[in-house]
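Given the structure is predicted, the values throughout are model-derived calculations rather than measurements.
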Number of protein chains: 2
Amino acid sequence: MVVDELTDVEVDRLFQAFADTTRRDILVRALVSDYSVSGLAAHYAMSFAAVQKHVAVLERANLVTKEKRGREQIVRVHLDALRRARRLLEEYEAIWRQRVDRISDILAEEEGASPT
Amino acid sequence: MVVDELTDVEVDRLFQAFADTTRRDILVRALVSDYSVSGLAAHYAMSFAAVQKHVAVLERANLVTKEKRGREQIVRVHLDALRRARRLLEEYEAIWRQRVDRISDILAEEEGASPT
DNA sequence: CTCATCTACAACCATGTGGTTGTACGTTAG
DNA sequence: CTAACGTACAACCACATGGTTGTAGATGAG
């Protein structure tokens with residue numbers, strides 16, 4: 001199972017980062033092409049500082065890193081974290097599938113053992 | 001693209017629900033087998049009411065529904081929400097892949113147009 | 001019936017979150 | 001050099017979150 005080498009707190013931060021529309025939007029923009037923090041901020045009806053904070057949350061979740069380019073700070077997505085989160089959810093679905101299999105096995109056995 | 005028929009707020013709640021270790025644990029237990037709220041609460045070093053609240057958060061995210069069985073309330077996982085969340089993350093990864101493809105296309109064209 | 005169990009919910013508290021404004025500092029354009 | 005730009009960060013505010021205790025209502029066991 002292994003649930004990835006992430007600690008609970010790291011996973012908390014990861015999903016926390018996804019749990020805001022603005023942050024998901026920032027993420028998509030940064031996925032599509034390169035953006036500076038102020039380049040991102042231009043798209044939202046909130047202060048630069050607010051966007052800066054959102055980027056910081058994405059950073060803390062290791063979803064994003066900033067790279068200095070002249071006086072700008074380019075936001076780049078770190079794909080690994082995205083994959084990890086996705087795999088976690090896949091594992092949950094796998095657990096469900098195992099349960100379903102287990103139950104149908106039991107039903108199959110019971111039918112074999114005591115057929116009505 | 002469609003990003004699923006979920007509203008932003010619903011997606012917020014979905015990821016918010018995942019953003020807590022206790023809730024993820026509850027989810028796994030409920031995925032593995034049937035649990036009442038108090039059955040779940042027995043496993044955690046916190047009050048029954050706290051666990052009740054966590055279940056409520058999972059409910060609000062549509063990850064879980066409660067089903068009355070006698071005096072107990074059985075927590076069942078609603079798999080759809082799990083799948084939706086996973087698909088969202090997959091879409092983000094797809095966006096990234098498209099970008100990579102686009103860039104390598106451009107590089108290929110440039111090489112074809114003006115080979116050094 | 002009576003009592004223990006399971007649940008629901010309100011009130012409260014500390015801390016976190018998402019937003020603001022203001023100030024300061026490095027960097028680039030003119 | 002100077003002005004404008006991009007960033008960083010602190011202080012503040014309203015509200016959400018994760019926890020607590022306490023009270024009360026259904027339901028099942030004996």
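- Looking at residues two or more places apart in sequence or on another chain, you find a side-chain contact (heavy atoms from CB on, under 4.5 Å) between A:E67 and A:R76.
- When the C1' atom of C:dG16 is taken as reference, atom CG of B:D20 falls 13 Å away, rounded to whole Å.
- Residues passing the salt bridge (charged side-chain N to carboxylate O under 4.0 Å, His left out) test with A:E10, sequence neighbours excluded: none.
- Within the helix from C:dC1-D:dG30 to C:dG30-D:dC1, the inter-axis angle between the opening and closing five-pair segments is 30°, rounded to 10°.
- The side chain to side chain donor-acceptor pair (under 3.5 Å) check on B:D25 picks up B:R29, B:Y44, with sequence neighbours excluded.
- With the nearest nucleotide of DNA chain C identified for both A:G70 and A:Q16, A:Q16 has the one nearer the 5' end.
- Closest contact between the side chain of A:V57 and the listed nucleotides C:dT20, C:dG18, D:dT20 involves C:dG18.
- Within 4.0 Å (heavy atoms only), B:R69 reaches no atom of the nucleic acid at all.
- The closest side-chain heavy-atom distance from B:I26 to B:Y35 is not below 4.5 Å.
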Report summary line: With sugar-phosphate taken as primed atoms, P, OP1 and OP2 and all else as base, the protein-contact string of nucleotides 1-11 of chain D at under 4.0 Å (heavy atoms; B, S, -) is ---BBSBBB-B

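- When rounded to the nearest whole Å, the span between CG of B:D12 and C1' of D:dT17 equals 15 Å.
- Non-hydrogen atoms lying under 4.0 Å from DNA chain D are contributed by nothing in residues 26-34 of chain B.
- A distance of 8.0 Å separates CD of A:E90 from CZ of A:R97, quoted to the nearest 0.5 Å.
- Judged as a side chain to side chain donor-acceptor pair (under 3.5 Å), and not counting sequence neighbours, A:R13 has no contacts.
- Scanning for side chain to side chain donor-acceptor pair (under 3.5 Å) contacts around A:S36 gives A:S38, with sequence neighbours left out.
- Annotation: of the two residues near DNA chain D, B:M46 and B:R60, the 5′-most nearest-nucleotide partner is B:R60.
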For residues 46-58 of chain A, tabulate all N or O donor-acceptor pairs below 3.5 Å that involve a side-chain atom, not counting sequence neighbours.
| residue | atom | partner | partner atom | Å |
| --- | --- | --- | --- | --- |
| A:S47 | OG | A:A50 | N | 3.1 |
| A:H54 | ND1 | A:R23 | NH1 | 3.2 |

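- The side chain to side chain donor-acceptor pair (under 3.5 Å) test applied to B:D12 returns A:T21, A:R24, not counting sequence neighbours.
- Residue A:F15 contributes atom CZ, which lies 19 Å from atom C1' of D:dT17 at whole-angstrom precision.
- Computed from coordinates, the B:K68 NZ to D:dG28 C1' distance equals 14 Å when rounded to whole Å.
- When the ring-ring contact (aromatic ring centres under 6.0 Å, His included) test is applied to B:H78, no partner is found at least two apart in sequence or on another chain.
- Relative to the side chain of B:A50, the nucleotides C:dT21, D:dG19, D:dT17 differ in distance, and D:dG19 lies closest.
- Look at B:S47 and you won't find any side-chain N or O under 4.0 angstrom from OP1 or OP2 of D:dG19.
- Residues satisfying the side-chain contact (heavy atoms from CB on, under 4.5 Å) criterion with A:V100, sequence neighbours excluded, are A:W96.
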